[in-house]
Amino acid sequence: MVIEDLERYATEHNVPIMQKDGITFLTDYIKEHKNIKNILEIGCAIGYSSICMALVRDDIYVTTIERDRERYLKAIENVKAFHLEDRITILFQDALDVSLKEQYDLIFIDAAKSQYIKFFEKFTPYLKENGVVFSDNLAFHGYTKQETRIESKNLRQLVNKIRKYIVYLQEHPNFITEFYEIGDGIAVTKKK
Ligand code: SAH
Ligand code: MG
């Protein structure tokens, strides 16, 4: 199995994995920061981004969380196919119910967009002092910046939550964030 097989499966089954330039941005960052060894991911889906991150170096360990059974099972299968089961741990749980013991060099938030502030508040206590948080999908297919009113109520509420998260990051007293128009919009957040 190769990475392209995962990308094809995701396209065929409508699994919202990271876009190509987004995953390259993330893995390049990990390549450049050799101190990154312990990674936490919120939103595993079929294991694509976990596998890409673990493949950067063989001293990288990923803990990832997925609440959807079908995707979780697929992720298990994919991680095995890449022989990464010793370095990728998949928790089949709602992220907001997970309890953790370790500290992480990088936390990647890529799950339900409506809950990003909750994820940030729950998981940043597990971030090491010089750690970094990546948040994906802040452009939300361009909707975040759309100025005309979004017709669908559900979509409008979701987009407003993403906008709130962006403001939350911008105004956070203890963290500093840079926003990148890469992939579907990525924020990189560090402790001040
Ligand atoms: N990071 C993956 C894509 C994740 S897609 C990649 O790029 O390869 C987002 C996933 O988050 C979905 O599979 C969804 O089921 C999961 N998810 C959403 N909210 C969640 C939550 N609260 N807890 C755990 N998983 C969640
Ligand atoms: Mg995403």
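Indexing begins at 1, ligand by ligand and atom by atom, following the structure's order.
- For ligand 1 and Ala95, the ligand atoms under 4.0 Å from any heavy atom of the residue are 21 (C), 22 (N), 23 (N), 24 (C).
- Put simply, the side chain of Thr177 never gets that close to the backbone of Ala187: no donor and acceptor are under 3.5 Å apart.
- Residue Lys190 forms a side chain to side chain contact (heavy atoms under 4.5 Å, CB included) with just one option from Asn130, Val132, Leu127, and that option is Val132.
- Residues Tyr48 and Tyr9 keep their aromatic ring centres 6.0 Å or farther apart.
- The aromatic rings of His172 and Phe120 sit tilted, their planes meeting at an angle between 30° and 60°.
- Of the possible donor and acceptor atoms, none in the side chain of Arg67 sits under 3.5 Å from a partner among the backbone N and O of Ala95.
- Those atoms of ligand 1 with a heavy atom of Phe119 less than 4.0 angstrom away are 22 (N).
- Close contacts of ligand 1 with Ala45, meaning ligand atoms under 4.0 Å from a residue heavy atom, involve 3 (C), 4 (C), 5 (S), 13 (O).
- Using a 4.0 Å cut-off between charged nitrogen and carboxylate oxygen, Lys20 and Glu7 count as a salt-bridge pair.
- The distance from ligand 1 to the heavy atoms of Ala111 drops below 4.0 Å at these ligand atoms: 11 (O), 17 (N), 18 (C), 19 (N), 20 (C), 26 (C).
- Of the protein's non-hydrogen atoms, the one nearest atom 20 (C) of ligand 1 is Arg67 NE, 3.4 Å.
- In terms of protein heavy atoms, atom 8 (O) of ligand 1 is closest to Ser49 N, 3.0 Å.
- Taking atom 9 (C) of ligand 1 as the reference point, the nearest protein heavy-atom neighbour is Asp110 O, 3.1 Å.
- Taking CD1 of Ile182 as the reference point, atom CG of Asp21 lies at 7.0 Å (rounded to 0.5 Å).
- Of the candidates Ala112, Ala10, Pro16, it is Pro16 that places a heavy atom closest to atom 5 (S) of ligand 1.
- Rounding to the nearest 0.5 angstrom, the gap separating the CD1 atom in Ile109 from the CD atom in Gln115 is 11.0 Å.
- Contact atoms of ligand 1 toward Gln115: 22 (N) (distance under 4.0 Å to a heavy atom of the residue).
- By the 4.0 Å N-to-carboxylate-O rule, Glu77 lies too far from Lys80 to be salt-bridged with it.
- Centroid-to-centroid, the aromatic rings of Tyr126 and Tyr104 stay 6.0 Å apart or farther.
- Using a 4.0 Å cut-off between charged side-chain N and carboxylate O, Asp105 and Lys37 make no salt bridge.
- Among Arg71, Lys74, Glu66, the residue whose heavy atom sits closest to atom 16 (C) of ligand 1 is Glu66.
- A salt bridge does not link Lys74 with Glu66: every distance from a Lys NZ or Arg NE/NH1/NH2 to an Asp or Glu carboxylate oxygen is 4.0 Å or more.
- Look at Leu96 and you'll find every heavy atom at least 4.0 Å from all atoms of ligand 1.
- Here the heavy atom of the protein found nearest to atom 22 (N) of ligand 1 is Asp94 OD1, 3.2 Å.
- The closest approach between any non-hydrogen atom of Ser50 and ligand 1 is not below 4.0 Å.
- Remark: at the Mg ion (ligand 2), atom OD1 from Asn137 and atom OD2 from Asp136 enclose 90°, rounded to the nearest 10 degrees.
- Only backbone heavy atoms of Gln93 (N, CA, C or O) come within less than 4.0 Å of ligand 1; its side chain stays farther off.
- Sorting the N, O or S atoms of Asp110 by how far they are from the Mg ion (ligand 2) puts OD1 first.
- Under 4.0 angstrom from ligand 1, the non-hydrogen atoms of Met18 come from both its backbone and its side chain.
- In this structure, atom 11 (O) of ligand 1 lies nearest to the protein heavy atom Gly43 CA, 3.4 Å.
- Atoms of ligand 1 found under 4.0 Å from any heavy atom of Asp68, numbered from 1 in the order shown, are 15 (O).
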